[in-house]
Q: 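Here it is, the structure, as structure tokens.
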Number of protein chains: 2
Amino acid sequence: MSAQKKHFEHHLSYVLAAAHRSINQSLTERLKKHGIKIEAWRVMECLDAGERLTMGELADRALLNPPTLTKLVDRMVLDGLVHRKVADEDHRQINLLLTSLGRIRMIQIRQEVDAQDQSLADVLDTTSIDMLREALAKLC
Amino acid sequence: MSAQKKHFEHHLSYVLAAAHRSINQSLTERLKKHGIKIEAWRVMECLDAGERLTMGELADRALLNPPTLTKLVDRMVLDGLVHRKVADEDHRQINLLLTSLGRIRMIQIRQEVDAQDQSLADVLDTTSIDMLREALAKLC
DNA sequence: TGAATTTAATTTCCAAGTCAAATATTTTGA
DNA sequence: TCAAAATATTTGACTTGGAAATTAAATTCA
């Protein structure tokens, strides 16, 4: 009958935060070997995906606020991973591009992320992961 | 046949980060009316759940690193929401306790969180939410 | 017992994030 | 055409978060 709520840990926002924290911690640990942060990896994957992206589009896809992205990109430029190019059509925009070093490093890092995905497969079967992905996507 | 991976947005770590960001943003917005942060709400719910908690236990449950918790608690003490009490048995430990103001404010805030949960029900049915919760729990 | 070790919480210091304002460019419409 | 409004990004002041060091108390065991 009556659904008992009681524990605040049942709130989706809590479970989501907990899972995110846990996954992020283990991924952060893995990427530490490569001297890179998850956010920087996301930026590189976004750039590798093909289309030229402006800082704004990139911020959306890499899940970062624009000022945060600007500062992260400053560091990535120093590290030689990306470079800025003023967009041809609209000079207010910046197209961010992967350097060849950036691409190489990204591919190495991608293997690390794939390894983490593999280890997730031990705890959740493929169907569950697909359902999970689908459900999470609806929340955005 | 061949499962195409291609888009890095399919990584669980990405979908999870995206969903977390989205939910957190809307909840942060709601809680802004109450002048409180999600983390502080979690702390209050943990304290309300019954047992006396030490800072360490609290940090685990509220999903915060100990130094972050200490600083958050400093602010919450200033706001009159909680107070520190040195534990009887072990004087190294601190038991954090809700003040009556803290409890009142927590209950108001809980309604806001419940409202957000309601609005999630519009996008995901009960069964999906249960599955989601269960799958996420396994990731921790 | 009491010196050495372990544990809990906090502090310190620095790196990174946020908000609002500033800058530069493009677009609008009088 | 050109001043005003809108848009993209960055900057700057301030706050927050994290790793490692510090403090204080409890535990171990020689």
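When reading the values below, keep in mind they use all heavy atoms of this one structure, side chains included, and skip hydrogens, waters and symmetry mates. The sequence lines fix the lettering, A, B, ..., with proteins before strands; numbering per chain opens at 1.
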Q: Can you tell me which residue among Val73(A), Leu98(A), Ile36(A) is in a side-chain contact (heavy atoms from CB on, under 4.5 Å) with Leu81(A)?
A: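 Of all the options given, the one that passes is Ile36(A).
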
Q: If you apply the rule side chain to side chain donor-acceptor pair (under 3.5 Å), what do you find for Thr68(A) with Asn65(A), and how did you get there?
A: CA-CA 5 Å; Thr68(A) 306; Asn65(A) 296 332; 4.5 Å; no

Q: Any salt bridge between Glu29(A) and Lys32(A), counting N to O under 4.0 Å?
A: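 Result for this pair is yes, salt bridge flagged.
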
Q: Taking heavy atoms of chain A and a 4.0 Å limit, find me the 5'-most and 3'-most nucleotide of DNA chain C within that range.
A: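 Contacts span dA16(C) to dT26(C), reading 5' to 3'.
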
Q: Check DNA chain D against residues 80-99 of chain A and give the residues with a non-hydrogen atom under 4.0 Å, in numerical order.
A: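 Those residues are Arg84(A), Arg92(A), Gln93(A), Ile94(A).
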
Q: Please determine if Arg84(A) and Asp74(A) form a salt bridge, counting it only when a charged side-chain N lies under 4.0 Å from a carboxylate O.
A: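 Yes, this pair counts.
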
Q: Under a 4.0 Å heavy-atom cut-off, which of residues 13-40 of chain B touch DNA chain D?
A: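 Result for residues 13-40 of chain B: Lys37(B), sorted by number.
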
Q: With Glu51(A), which residues qualify under side-chain hydrogen bond (donor to acceptor under 3.5 Å, both in side chains), at least two apart?
A: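 With sequence neighbours excluded, Glu51(A) shows a side-chain hydrogen bond (donor to acceptor under 3.5 Å, both in side chains) to Arg61(A), given in chain and number order.
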
Q: Can we say Arg105(A) and Asp79(A) salt-bridge, meaning some charged N sits less than 4.0 Å from an Asp/Glu carboxylate O?
A: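 Looking at Asp79(A) together with Arg105(A), the answer is no, because their closest N to O distance does not fall below 4.0 Å.
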
Q: Is the Trp41(A) ring parallel, tilted or perpendicular to the His11(B) ring (thresholds 30°, 60°)?
A: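 Perpendicular.
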
Q: Which residues pass the side-chain hydrogen bond (donor to acceptor under 3.5 Å, both in side chains) test with Arg75(B), not counting sequence neighbours?
A: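 Scan of Arg75(B) (side-chain hydrogen bond (donor to acceptor under 3.5 Å, both in side chains), adjacent residues dropped) gives none.
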
Q: Using a cut-off of 6.0 Å, state whether more than 12 heavy atoms not belonging to Gln25(A) lie near its atom CD.
A: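 Yes, the 6.0 Å shell around CD holds more than 12 heavy atoms from other groups.
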
Q: Salt bridge or not between Arg133(B) and Asp130(B)? Use side-chain N to carboxylate O under 4.0 Å.
A: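 A salt bridge is present here (some side-chain N lies under 4.0 Å from a carboxylate O).
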
Q: Taking C-beta and beyond as the side chain, do Leu97(A) and Arg52(A) meet within less than 4.5 Å on heavy atoms?
A: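 With C-beta onward as the side chain, the pair touches.
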
Q: As a quick check of understanding, evaluate side chain to side chain donor-acceptor pair (under 3.5 Å) for His34(B) and Gln108(B), giving each step before the final call.
A: CA-CA 8 Å; His34(B) 302 267; Gln108(B) 296 166 340; 4.7 Å; no

Q: Which residues in residues 53-73 of chain A have a heavy atom closer than 4.0 Å to any atom of DNA chain D?
A: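 Hits under 4.0 Å, by residue number: Thr54(A), Met55(A), Gly56(A), Pro66(A), Pro67(A), Thr70(A), Lys71(A).
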
